[in-house]
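Just so it is clear, the values below take in all heavy atoms, side chains as well, and ignore hydrogens, waters and symmetry mates. Chain letters run A, B, ... following the sequence lines, proteins first, then strands; residues in each count from 1.
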Amino acid sequence: MYYYKSMEDPKDIHPPKFAQRFLQWFCSDAYLESVEGDLYEEFLDNAEEKGLRKAQRIYIKTVFLSFRLYQIRKPQNKTFITMAMLLNYFKIAYRSLLKHKSYSIINVFGLSFGIACFLIISLYIKDELAFDKLHLEHEYIYRVTETLVNEKGEKHQPSVAFQASQRLLTEFPEVQRGITLFNNGRTLASNPDNQYSTYLELNYTTPAFFEIFDFKLLSGDRQNLLKKPQAIVLDEKTAIQLFGSTDVVGKTVHSDRTKHPYKVTGVMENFPKNSHLQLNSLISFATLEEERFFKEFAPVDWTSNYFASYVLLNRNANSTHVEEGLNSLAQANREASSLKRSYHLQPLDDIHFGSAHYENDYSFNPNDINYMYIMQVAGVLILLIAAFNYMNLATARSMARSKEIGIRKVAGAFRSSIVIQFLVESILMTSICVFVASGIVNLVLPYFNYFTGKEISINPIEHIWVIPSLFLLTLVMGIISGLYPAVFLSRFQAATVLKSAGNKVNANMGLRRVLVTFQFVVSIILSVATLVTYLQMQYIDKKDLGFNKELMLVADINSGVVRRDFQTLKNEYAKIPGVKSVSVSSRVPGEWKRIPKTLLTNEVQTKEQGNEMFFLGVDEDFVSTFDVKLQSGMNFEGNTNDSTRVLINEIAAKLLGISNAEGQLVKMHYSNFGGNIDQFDEPLEVTVVGIVKDFHYRSLHEDIAPLVLAYRNNPIHSIDYFTMQINGSNIARTLDSIEEVLQSVDPQHIFEFHFLDEQLALFYESDERRSLIFTVSASISVAIACLGLIALVSFSTRQKQKEIGIRKVHGASVWSITYMLSKEFFVLILIALLISAPLAWYGMGNWLNTFAYHISMSPLYILATGLFMMILTLLSVGFQSLKAANKNPVDTLRSE
Amino acid sequence: MKGTYLGEFEEIVLLTVGVLYDEAYGPSIKKEVEERTGRKVNLSAIHATLNRLDEKGFLSSRLGEATAKRGGKRKKYFAVTKLGVKALEEAKNLRESLWVSIPKIALQGGE
């Protein structure tokens, strides 16, 4: 220790610089000298006695303690800003805005669009995150779900057996309230005078529904809505459809599914769009309890997945504990089975983002949280691009304003007041832009809502958070974009700035280059994303699905009358001139409802190792109407024998070891309707008469799975749809004729139809939405980046006017000058391309992998985007450069 | 009067300034206080107290010579003012009158 001390060079013995500076900063001049001296003296003593390190530590401690004591405070008049000065800053900012119109327009345009884009993305995400949060106690509400595991894999069900739902209420003190919700399909309903009719979803639920959930009521007594049998609560829309009014409490609703009419006990508001529950009516559970099947079934039901169940737990309850209790209760009541089943409590807050794996969920529009992150990042990046643009332009313009700063400094302005001046300027700019952006958002939101099916608004009267958050955004954006230019500009030395006309302030070139590169990295990534999503959507649209989807009209079968009389209707439909062919089937490809499955076996595929296959009930015209290709064998013949025949697809044939359809016998063992397995007493023996080529009857996100096409007359699934191939001409008349035919058989029936291609497009709705958001974000970021480039180049050419003039006088060509001015930006774009390529490659590759059928990621996409950027740069930079290069050197050199 | 109140540490510093007569400046006061009381004192506390005493009018100050040891900074010497002396006397008198008033028995200690 001592040895080291003696080795120290006396020059090295000094108190820590920063502490000294800190002292100088806060200590008033009146005390500074003596205090500094005292501290220094003590420091030297200490250094000698206790060593340099310790002395320095004591010095720092003393400085900070002095500060804490506030005894030698500096009068703070240096940065004191009066109201008058602030007003003056506003005035200067306003004048400079007006004076440099093109600069201001570019800035306002870029910033406003950037902010608008960010706002819309944020609103979208905010709305998504607010899903199901409208209920006061949403944090304590859980949905009971079940996971079923066997050798073939896992299945997740969002609903449970009746007993599970029921016993939660009676045997768990943690459960404060609970409800059971049962969906029993839908029915045609009408008012007593048969004036109006509509389809009702038959959802039975227990009275606590309106105690757990805070859905708003328009009329009715919240406590007693669903107590008595036959009570029904309608939503606003259905009430109007049925009665033409919402003042309908006490009126009756009739339907062909019930003997007694329902009595309306209340009307609720339409379910908000950001609720995972979307129901048009609720019927009292007591109604269901009166039915015989329920009386027999419910007391012993520990295995079905028919009953959605929601519970409200006590605040301090442990959901895992309830889960465990429910599972052991179920185990005690269930027969042993190879199927492993376990119940879970899924928090209500997790349903929206955590339900993709559930089969046939009630959930409305489940989403993936990862997309929210991606979008938020995109939003922030765009905001940054816009802010960087401002920074870039403001620093580039430092030339123009250096004199102003010099004069201010000479007149006695402190550096801090110049920083504040420029911050005021950038905050003024951003507040204008936030204002413009809110206008843009207001204009765009209706379209955005229409496209995304949301109800977003930024009306400050409805949402008080709008004003403070916009205010905060303005402040943050103003500071982000203004701080660097402010610090940079305030650094100018008055003397240097005022002395030389041609300033040499280009120390900021490095930063400017980084910012431009960053802008292009973001722009390129977003553009690649746009291109790839667009191409994938095109691919989906154009892909041969293995069946015809164009001009296919699908009409629902919604009543027993129609189902029984389908042959008459089919014949009548076929006679309509616009209809080319008609088929009936249980499901249609692309239908968004669950398709049942069955277990199909033969010698090769035995029951033990057998695969479940999807099941379609079709008629003899299915193959021709849908234009599905027969690979071998034959079609149905349209006679009663067909009930014992099936067609299978190629994958099913491979699994069953059938290469040529020659009447092989196969057995069907059960029907599996969304997890509810109905075992046949005797396996159903049928003959494979034909193999159809694989066709994509589900979304292209999924692989083609094995499929059995049985005859329409089968014990698994009855017919539900007519599908008609129609003529492209005069579709309206064809539709009228179809409706007329339907009305002649079932006058109450509402004609419900859709076009197959539109239905298929629903599979990709969320992909399309994302694609739109990418496209808009990319366009805006590219536009902002290009605007920034144009402005940068115009500044740098102005700066180099003389140089250009001199070069021209010496015989430089226009092209060489253009090249000189723009080559830097090409290099930057090249660098940006190198940085963004791997990111875009990885990100988009991942997205494409969510499709079982997708285009493959190609370097070409990135190259094409790069080329596109190059061309844009050429256009924005080249034009400016060319203009500068073409100027007569006489004009530029003469001015001094 | 609130402004003339003399705290315990203030009193010690003020007395020390008197003790050091003509040689009272930051570090010397600190050293003296530490030696006499046996406590560790930070220089900042001395500065703060000197300041307070100065504001109250108990101390006067003058700037002295600059030495190399002080990095070329001048010393600030303190001296006790008349007002300061009066405050010290008051404090002393108060104590003495209290001492006198204590019954002998109380000074023998409890128990």
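Scored by the side chain to side chain contact (heavy atoms under 4.5 Å, CB included) test, A/I60 finds A/P16, A/F18, A/A19, A/F64 as partners (sequence neighbours excluded). Judged as a side-chain hydrogen bond (donor to acceptor under 3.5 Å, both in side chains), and not counting sequence neighbours, A/S426 has no contacts. Not counting sequence neighbours, the partners of B/E96 by the side chain to side chain contact (heavy atoms under 4.5 Å, CB included) test are B/K92, B/N93.
Using a cutoff of 4.0 Å between basic side-chain nitrogens and carboxylate oxygens, B/K31 and B/E35 are not scored as salt-bridged.
Proximity to chain B is absent for every atom of A/L32, based on heavy atoms less than 4.5 angstrom apart.
When each of A/V63, A/I58, A/L65 is tested with A/K61 by the rule side chain to side chain contact (heavy atoms under 4.5 Å, CB included), just one qualifies, namely A/L65.
Crowding of B/W99 atom CH2: a count of heavy atoms from other residues, nucleotides or ligands under 6.0 Å not exceeding 12.
Residues of residues 7-19 of chain B lying under 4.5 angstrom from chain A, judged on non-hydrogen atoms, do not exist.
Here the side chain of A/S34 pairs no donor or acceptor atom with the backbone of B/K75 at under 3.5 angstrom.
Interface summary for chain A: among B/S61, B/P27, B/G26, the most heavy-atom pairs under 4.5 angstrom belong to B/P27.
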